[in-house]
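Everything on this sheet refers to the single structure shown next.
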Number of protein chains: 2
Amino acid sequence: MVTSITSDAVRERCAHCPGRSHSICNVIDDDELPILVAESARVQVAKGRAFIEEGTPAHEFYVLTEGRVKLFNLLPDGRRQIAGFAECGDFLGLAAVDSYAFSAEAICDVTLCRFSHSGIDRLTQRFPHLEHRLRDEASRELTIMQRRLVLLGRKTARERLATFLIEQSLPPCCAAPDLLEKEEKPIKIKLLMSRTDIADYLGMTIETVSRTLGVFKKEKLITVQGVTAVTLLAPHRLRAIAEGNG
Amino acid sequence: MVTSITSDAVRERCAHCPGRSHSICNVIDDDELPILVAESARVQVAKGRAFIEEGTPAHEFYVLTEGRVKLFNLLPDGRRQIAGFAECGDFLGLAAVDSYAFSAEAICDVTLCRFSHSGIDRLTQRFPHLEHRLRDEASRELTIMQRRLVLLGRKTARERLATFLIEQSLPPCCAAPDLLEKEEKPIKIKLLMSRTDIADYLGMTIETVSRTLGVFKKEKLITVQGVTAVTLLAPHRLRAIAEGNG
DNA sequence: TATCATTTTTGATCTAGATCAAGGAACTTA
DNA sequence: TAAGTTCCTTGATCTAGATCAAAAATGATA
């Protein structure tokens, strides 16, 4: 009786999980969810807390189910490069050979599902297509990385910020700015990260981020409400700038 | 009789393949090589020829078995970011969702094994651990990407070039500069790519590459014979510079 | 509601690295 | 061996973005 209740509760956990549809979990049928649940643990991480540290042995994967997380690397003197902002459904931990190649810190209060490597091994044994799904996930990340290299290596501050704004305007799981509709209504976005985070993500300083936003404002490309709310007035022009035209 | 000869010849092809031990092929037993061969085609690409073009539908993977390849992205106005230089044993094509996220061009005459996606699907069906091996390969690439983001986003020209020289001094398949012996004898390396390629890899200009090499020469960190031969006189100092100290 | 702390914006100045412009080397071709 | 080509180095100058320094806005605390 008790186990049955638990099992139901546990299935609920996945069934209602906001990450379910986008995450790797979407290759597991509903009726097999208990197996998934058995191999995972729900974890809460408070805003500002790091839960993966670069260089430590990688024994776990995470599926982000609620909140946002920043992934980053540090140089010995404190210079920081943010590799990305993970959101609901994202799979964390692929960028690791024996130890993690990055650190992860919660931007707000966060919920994750933690899987041990051995747990994932058991799951891939049981659900062979999960392994393929993981490869897909890795491929997706690699394509994102390619674009990021171009951004950091070859784009101007203006182009970087435009790219960032466009990225932020895209729905989760759609990481391809080019493949988007050309409709021209303003897009409201909420920046959930600080200017410092934006700067460290784009490889620039907070001052340049601030100034460039100022320029966009003057050019009527955006309006800013408060600090975190931005409206993209001319998404297609921003997209052009992001791609190196404009 | 003929088929038997072919089969032998074909097995030879893999058995003596310089990429065999490092590439994904190393998860296939010798006696199963014919299956691998049946799904692959040997391809030759002449120096300077591109064989993967960013944005085109991704239907194939490649294993590089001889020569070197540059992987890159272009902006519409011609700015170029080289994501990496592939070498013997490297697996190409993971950074693709439906279409390739990068272009690939032979730096010298090159030999590759081409696999169709469907061929790889058949192989992973037959050899389930191959799928895991592909994921590993992707993970390895992702860790390299992390380091590259730091380089492009946060390192100085000096640090970038030091990183590059150290990278080039590492044996193929060892992509972790930190994990290396501290021995201090000079290391001779051969740069197989042009200054332009180096610049586009490091996110700088050829002039800065040239000047920074000049600085390293003056500081007795390196000597240069001709254009392509470089001797690292003080690898550990270069390593320190690469990591952001020095 | 006032005070303090933090974050962001704005301004003034500086500089690493880009750009522009010649020279040199090194490779090709005849 | 000479004459192009192409690639690399070196020098002079410029500039995008960094750094330094306040002011303004936002948010937290009491």
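Proteins come first, then strands; the chains are lettered A, B, ... in the order of their sequence lines, and each starts at number 1.
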Value in whole Å for how far the C1' atom of dT6(C) lies from NZ of Lys47(A): 12 Å

If only side-chain N and O atoms count, and only distance matters, is there a donor-acceptor pair under 3.5 Å linking Thr111(A) with Gln44(A)? yes

Test salt bridge (charged side-chain N to carboxylate O under 4.0 Å, His left out) on Arg147(B) and Glu167(B) and set out the steps. CA-CA 11 Å; Arg147(B) 263 181 273 130; Glu167(B) 261 180 40; 5.7 Å; no

Carboxylate-amine/guanidinium proximity below 4.0 Å for Asp90(B) and Arg140(B): yes

Under 4.0 Å between a Lys/Arg side-chain N and an Asp/Glu carboxylate O for Asp197(A) and Arg80(A)? yes

Compute the angle between the rotation axes at the two ends of the helix from dT1(C)-dA30(D) to dA22(C)-dT9(D), each taken over five pairs, rounded to 10 degrees. 40°

In whole angstrom, give the distance that lies between atom CG of Asp200(B) and atom C1' of dA18(C). 14 Å

Search all heavy atoms of Pro235(A) against all heavy atoms of Ile166(A) and return the closest pair with its distance. O-CD1, 3.6 Å

Residues in contact with DNA chain D, drawn from residues 205-221 of chain A - heavy-atom cutoff 4.0 Å: Thr205(A), Glu207(A), Thr208(A), Arg211(A)

If I take atom CZ in residue Arg160(A) and atom P in nucleotide dG17(D), what distance separates them, rounded to the nearest angstrom? 7 Å

Figure out the CG/P separation between Leu191(A) and dT26(D), and round it to whole Å. 15 Å

Does atom CG of Asp109(A) have more than 12 heavy-atom neighbours from other groups under 6.0 Å away? yes

Measure CE/Met204(B) against C1'/dA18(C) and give the value in whole Å, please. 11 Å

Between Thr156(A) and Thr196(B), just flag the one whose closest nucleotide in DNA chain D comes earlier from the 5' side. Thr196(B)

Can you tell me the distance, in whole Å, between the CG atom of Leu151(B) and the C1' atom of dG17(C)? 15 Å

Side-chain donor-acceptor pair present, Thr208(B), Arg160(B), cut-off under 3.5 Å: no

Can you check the Met193(B) CE to dC7(D) C1' distance for me, whole Å? 16 Å

If I take atom CG from residue Asp200(B) and atom CZ from residue Phe72(B), how far apart are they, to the nearest 0.5 angstrom? 9.5 Å

Distance in Å, Ser210(A) OG paired with Leu161(A) CG, rounded so as to fall on 0.5 Å steps: 10.0 Å

Could you state the atom-to-atom distance from CG of Leu161(B) to C1' of dT9(D) in whole Å? 14 Å

